[in-house]
Amino acid sequence: MKNAILSELFNQMADIMEILGEDRFRISTYRKVARIIGDTPADIEVLLATGELAKIPGVGKSSLAKIEQFIKTGTITAHKQLLTKIPPKLLELLAIPGIGPKGVKAVYEELKVKSIADLKRAIKAGSFARLPGFGDKKAAVIARGIAFLEKSTGRIRLDQALEAAYLVTDFLRELSGTGRIQTAGSLRRRAETIGDVDILVAAGKGKQIVQAFTGAGFVQEVLAAGPTKGSAIIQTETAPIHVDVRVVPAESFGAAAQYFTGSKQHNVRLREIAVKAKLKLNEYGLFKADKMIAGPVEEEIYQKLCLDYIDPLLREDRGEVEAAKSRCLPKLITVEDIKADFHVHTNASDGNCDASDLAQAAKDAGYKYICITDHSRSSAIANGLSPERLAQQIKQIRKLNEKLKGVTLLAGSEVDILANGSLDFDDKLLAELDFVIAAIHSGLAGSREKVTTRTLKAMDNPYVNCIAHPTGRLIGQREPMDIDIAAVIKHAAQTHTAFEVNANPWRLDLKDTHCRMAIETGVKLAIGTDAHSVAGLALMGFGVATAARGWATKADILNTLSVAKIRSWLKSKRP
DNA sequence: GCCGTTTTCGGCCCGACTGTTTTCAGTCG
């Protein structure tokens, strides 16, 4: 699949054009095309061949020609030509917080800086600060930016961002004079990774609130502190995290929540609609001439723009604005709809509690059933169960069920898909189980053909109900397998196999766009926390949010079925 | 480069904060 590299090439062309100071609208067109290609789960080659690509708004003749040239030849002439105009390493400077295209252009032309290493030397030698328009303070900002870039791994996981958000919101709540507090930005949208944490607070005295925040004990470094915005690096248990606190007047709280939740692209769409209706939309409200017609309440912004309210989870400019206009947004899955967890481990394999603990915890969470899915024998590191131990566990679970009231344990297994696509247990044993999830745990770096074939073959087994973490990625740590996602989704629909949405914030696998593709193909999703402890069950919300970001409704999610209905759904695949 | 319910040419979303300024450009979100 060439989507990622192609998206990168368009972004790179935009970067270079920015440094060269070319027309900004032209540049934003390149960025838009990059985003469209990067966002789509479908293979760009297929989209091009079927003519679908040409139909996407924003992709015009010129972009289409470049994409076609890349598919045919592996390069884009325009990209190559742009690359001759600047040293390629110069582009890495754009990642430094505090320096943008104009700054990069200046240090390149005036100081012959060609890389981050060059820039560091120029700052140290003092030549950077002597450039017109720059100075000692700017030099210090950039030096800090480079240090931050070098030590940070980039974006953080959802659980880390939430930890920071709780820390700061709890602090703000204790201050006098603060009203409503709302998390915004990519965290509110539950994007899979978070750049920085945005928190809104309604209050009159902005400067005081900002000063209190930037002076708090958890603040490591203050980046900015004005009358409405404070920006700081804060120290959490897991990582240093960039947090922005914005103070807004109560009458603008809804507009600010809308504005700062984004995404950027979603907001652009909304402001375009506003402009066409001769209105102005900003973080203070929606205005007709100078009169505010919406502001305190977020829902009213959408209402006054003649749109249905769009859930933050959908605000990515992936068709939600059109759907809101034509009143056909999906009714998204919520945690309240969830009646089960499909993926948990006990101390029989690598978990730290037993099945009865999990049953009680599931009941406490308001679930009707929970599926015990310990590892199979090939996952030796995880103390995977032998056939004998699994048979034993099934008996135990049946016995435990006789005593349980209000909650049911389903006997399951997370069965390894072996190198040749066969399963770790034979069919006779699998037939004893209520729910079988198959998973690849080894050979994840295998070829596209190999990992795809393994998964396809596993789905052919009549006892496999679900594929766990289908792409195998670990966010920020391990790339997904090079699997043909379109092919496996199609086969899942044909074989009546569900796909897992692994709720662990390290995984979120399937991811949002793949969830959407599965749903559109008619594949059911089973959300599993992959919990190894009672506390792990609480990760469910991340999985629900990921599915909802893929436009999932209650009907798409197996976790919403009653025990009776899930049993009958599971039987329908069996011989 | 893209697009069209005022347009096939002339537009294309909005504001805060900072630093180096003497009224604003650059960067960021």
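Order of the sequence lines sets the chain letters (A, B, ...), proteins ahead of strands, with each chain counted from 1. These numbers come from the heavy atoms of this one structure, side chains and all, not from hydrogens, waters or symmetry mates.
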Touch check for [X], heavy atoms < 4.0 angstrom, all strands: base, sugar-phosphate only, or nothing?
| X | value |
| --- | --- |
| P57(A) | sugar-phosphate |
| I99(A) | sugar-phosphate |
| D23(A) | base |
| K61(A) | sugar-phosphate |

Practice task
Could you check E272(A) against P97(A) and say which one's nearest nucleotide on DNA chain B is further toward the 5' end?
Solution key: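 That would be E272(A).
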
Handout entry: Closest-nucleotide 5' rank along DNA chain B - winner of T29(A) and H242(A)
Key = T29(A)

Practice task
Classify the angle between the aromatic ring planes of F218(A) and F213(A) as parallel (below 30°), tilted (30 to 60°) or perpendicular (above 60°).
Solution key: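 Plane angle between 30° and 60°, so tilted.
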
Please state whether the phosphate of [N], meaning OP1 or OP2, lies under 4.0 angstrom from any side-chain nitrogen or oxygen of [X].
| X | N | value |
| --- | --- | --- |
| K66(A) | dG1(B) | yes |
| S28(A) | dG1(B) | no |
| S62(A) | dG1(B) | yes |
| K280(A) | dG15(B) | yes |
| Y259(A) | dA16(B) | no |

Handout entry: K280(A) with D290(A): basic N within carboxylate O range, under 4.0 Å
Key = no

Handout entry: SB check R189(A) E320(A) (cutoff 4.0 Å)
Key = no

Practice task
Apply the side chain to side chain donor-acceptor pair (under 3.5 Å) test between E316(A) and each candidate in H266(A), R549(A), Q265(A); give the one that qualifies.
Solution key: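 Filter result, single survivor: R549(A).
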
Practice task
Write down the distance separating the P atoms in dC9(B) and dA16(B), rounded off to the nearest Å.
Solution key: 38 Å

Handout entry: Separation of the P atoms in dT27(B) and dT20(B), to the nearest angstrom
Key =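 About 13 Å, rounded to a whole number of Å.
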
Handout entry: Nearest listed nucleotide, side chain of K102(A), among dG15(B), dG26(B), dG1(B)
Key =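 Minimum distance to the K102(A) side chain belongs to dG26(B).
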
